[in-house]
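On a predicted model such as this, the values are computed, not experimentally measured, just so you know.
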There are 2 protein chains.
Amino acid sequence: MTAAGTQTSTRDRLLDAFETLLKDGGSRAATLDAVASAAEVSKGGLLYHFPSKDDLVAGMLARIHEMGDADVARMRTAECGPVDFYLQTSVDTGSPFDRALIAAARIAQESPGSPEGQRARDTMARLRQGWFEVLAEHLGDDSLARTVQLIGDGLYFDDITGLAHGGSLDHVRDTLRRLGAL
Amino acid sequence: MTAAGTQTSTRDRLLDAFETLLKDGGSRAATLDAVASAAEVSKGGLLYHFPSKDDLVAGMLARIHEMGDADVARMRTAECGPVDFYLQTSVDTGSPFDRALIAAARIAQESPGSPEGQRARDTMARLRQGWFEVLAEHLGDDSLARTVQLIGDGLYFDDITGLAHGGSLDHVRDTLRRLGAL
DNA sequence: GTCTATATCACGATAGAC
DNA sequence: GTCTATCGTGATATAGAC
């Protein structure tokens, strides 16, 4: 946060690498060695910025919080409306936010009992709360809002698990139009 | 498969322990030591039945295939209808099948690139295909069937990730009744 | 079929030079 | 702020006794 330029700091490069490894290879692949190597930094260099793996996770989650607030704001004012915006962003578009979200979901599941896992879950719960509020406000119907959110979760799950189907988004739009939600 | 009695074989006890550890602690907790210990067998005993961790995963997936075929059969003839049956079984009821499914989902996500991950994904894809066929046949509408399936995926994702909401199932039923799907 | 070693290796983390 | 070198631990897997 010291410069406004486009050059990414070592710190951000490390977090980027961590997220990418988590997304593509799961938590077992996201070792400190692998992160350092992918970011083209030595392990010692990594551990200067993040003294432990916990700190790496914490740094990642902190970045997500910032991006999450911006995402909710965009959702509110999206031209296509909040519902379609939500659905569109529930499939992995390859954006940095999606990458970070998938990485967080991996942490949440791969360490169900650990403190890091709990923090990742808290982060996701907060994001989901923000999205739900916009959906419920826009739709004026909690049941419908919750259903839309679950559909988004389903789209996310399929992407994350590698089960995604091509036409799913169109099928959902079709159904939601019948409900007057789109 | 030698006896029809109720006493569980060592083999099955090991698979049970593996699934439980995967569900409760993620793949990092499901080590060979932990599995052997939880099943009250020595590590050598485990490795007699499953010479490698890969074999443990393969054994688990094989059991899922059997249970999956039985589940689809029950779904077809369920008194409450296939849709509600599908939704009910999309939240973790604590059944052996749910436990196995959650375990498979963890493997699929924690080793996205590895052969085991691919096999887990194949298993899940096959199960989903079975469920989808019943839903589409019953509803006579691919878009609606795909939407119901995504809602089920969403319910599953929330459970798996520890994000589940109490009233989600009722909200969904409410919405699906409006669509004439329930 | 089940057990007790034990080999091998990779992971997270520390120490200290530059 | 970044590096190399190294320690301690815990994971998979092997060998061979019972």
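The stretch residues 17-31 of chain B touches DNA chain D through B:Thr31, each having a heavy atom within less than 4.0 Å of the strand. Against DNA chain D, the stretch residues 103-121 of chain B makes no heavy-atom approach under 4.0 Å.
Residues in residues 161-179 of chain A take part in these salt bridge (Lys or Arg N to Asp or Glu O under 4.0 Å) pairs, two or more places apart or across chains: A:Asp84-A:Arg173, A:Asp170-A:Arg173, A:Asp174-A:Arg178, A:Arg178-B:Asp141. Note on residues 89-108 of chain B: pairs passing salt bridge (Lys or Arg N to Asp or Glu O under 4.0 Å), not counting sequence neighbours, are B:Asp16-B:Arg99, B:Glu19-B:Arg99, B:Lys23-B:Asp92. Pairs passing the salt bridge (Lys or Arg N to Asp or Glu O under 4.0 Å) check and including a residue from residues 107-116 of chain A, sequence neighbours excluded, do not occur. Within the structure, the salt bridge (Lys or Arg N to Asp or Glu O under 4.0 Å) test picks out the following pairs touching residues 147-159 of chain B (sequence neighbours left out): A:Arg128-B:Asp158, B:Arg128-B:Asp153.
At whole-Å resolution of the value, CG in A:Asp33 and C1' in D:dC3 are 14 Å apart. One atom, CZ of A:Phe50, and another, P of C:dG12, lie 15 Å apart when rounded to the nearest Å. Taking atom NE2 on A:His49 and atom P on D:dC3, their separation rounds to 9 Å, with Å as the unit.
Under the salt bridge (charged side-chain N to carboxylate O under 4.0 Å, His left out) criterion, B:Lys53 pairs with no residue, sequence neighbours left out. For B:Ser90, the side chain to side chain contact (heavy atoms under 4.5 Å, CB included) partners are B:Tyr86, B:Leu155, B:Tyr156, not counting sequence neighbours.
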- Note on the structure: Protein-proximity profile, nucleotides 13-18 of chain C, B/S/- by nucleotide at the 4.0 Å heavy-atom cutoff, equals BB----

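Phosphate contact (OP1/OP2 of C:dG1, side-chain N/O of B:Tyr48, threshold under 4.0 Å): present.
Between the side chain of A:Ser168 and the backbone N or O of A:Ala164, no donor-acceptor pair lies under 3.5 Å.
Comparing the start and finish of the helix from C:dG1-D:dC18 to C:dC18-D:dG1, five pairs each, the helix axis swings through 0°, to the nearest 10 degrees.
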Identify all side-chain donor-acceptor contacts of residues 69-78 of chain B below 3.5 Å with residues at least two apart in sequence or on another chain.
| unit_1 | atom_1 | unit_2 | atom_2 | d |
| --- | --- | --- | --- | --- |
| B:Asp69 | OD1 | B:Arg126 | NH2 | 3.2 |
| B:Asp71 | OD2 | B:Trp131 | NE1 | 2.9 |
| B:Thr77 | OG1 | B:Ala73 | O | 3.4 |

I'd like a table of donor-acceptor pairs (distance under 3.5 Å, sequence neighbours excluded) in which one partner is a side-chain atom from residues 29-41 of chain B, with atom names and distances.
| unit_1 | atom_1 | unit_2 | atom_2 | d |
| --- | --- | --- | --- | --- |
| B:Thr31 | OG1 | B:Ala34 | N | 3.1 |
| B:Asp33 | OD2 | B:Lys43 | NZ | 3.1 |

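Two residues are said to be in side-chain contact when any heavy atoms from C-beta on lie closer than 4.5 Å; A:Asp54 and A:Val57 fail this criterion. Annotation: side chain of B:Arg119 is in contact with side chain of B:Pro115 (closest heavy-atom distance under 4.5 Å). For the pair B:Leu14/B:Phe18, no side-chain contact is recorded, criterion being any heavy-atom separation below 4.5 Å from C-beta on. Counting heavy atoms from C-beta on, the side chains of A:His171 and B:Leu150 never come closer than 4.5 Å.
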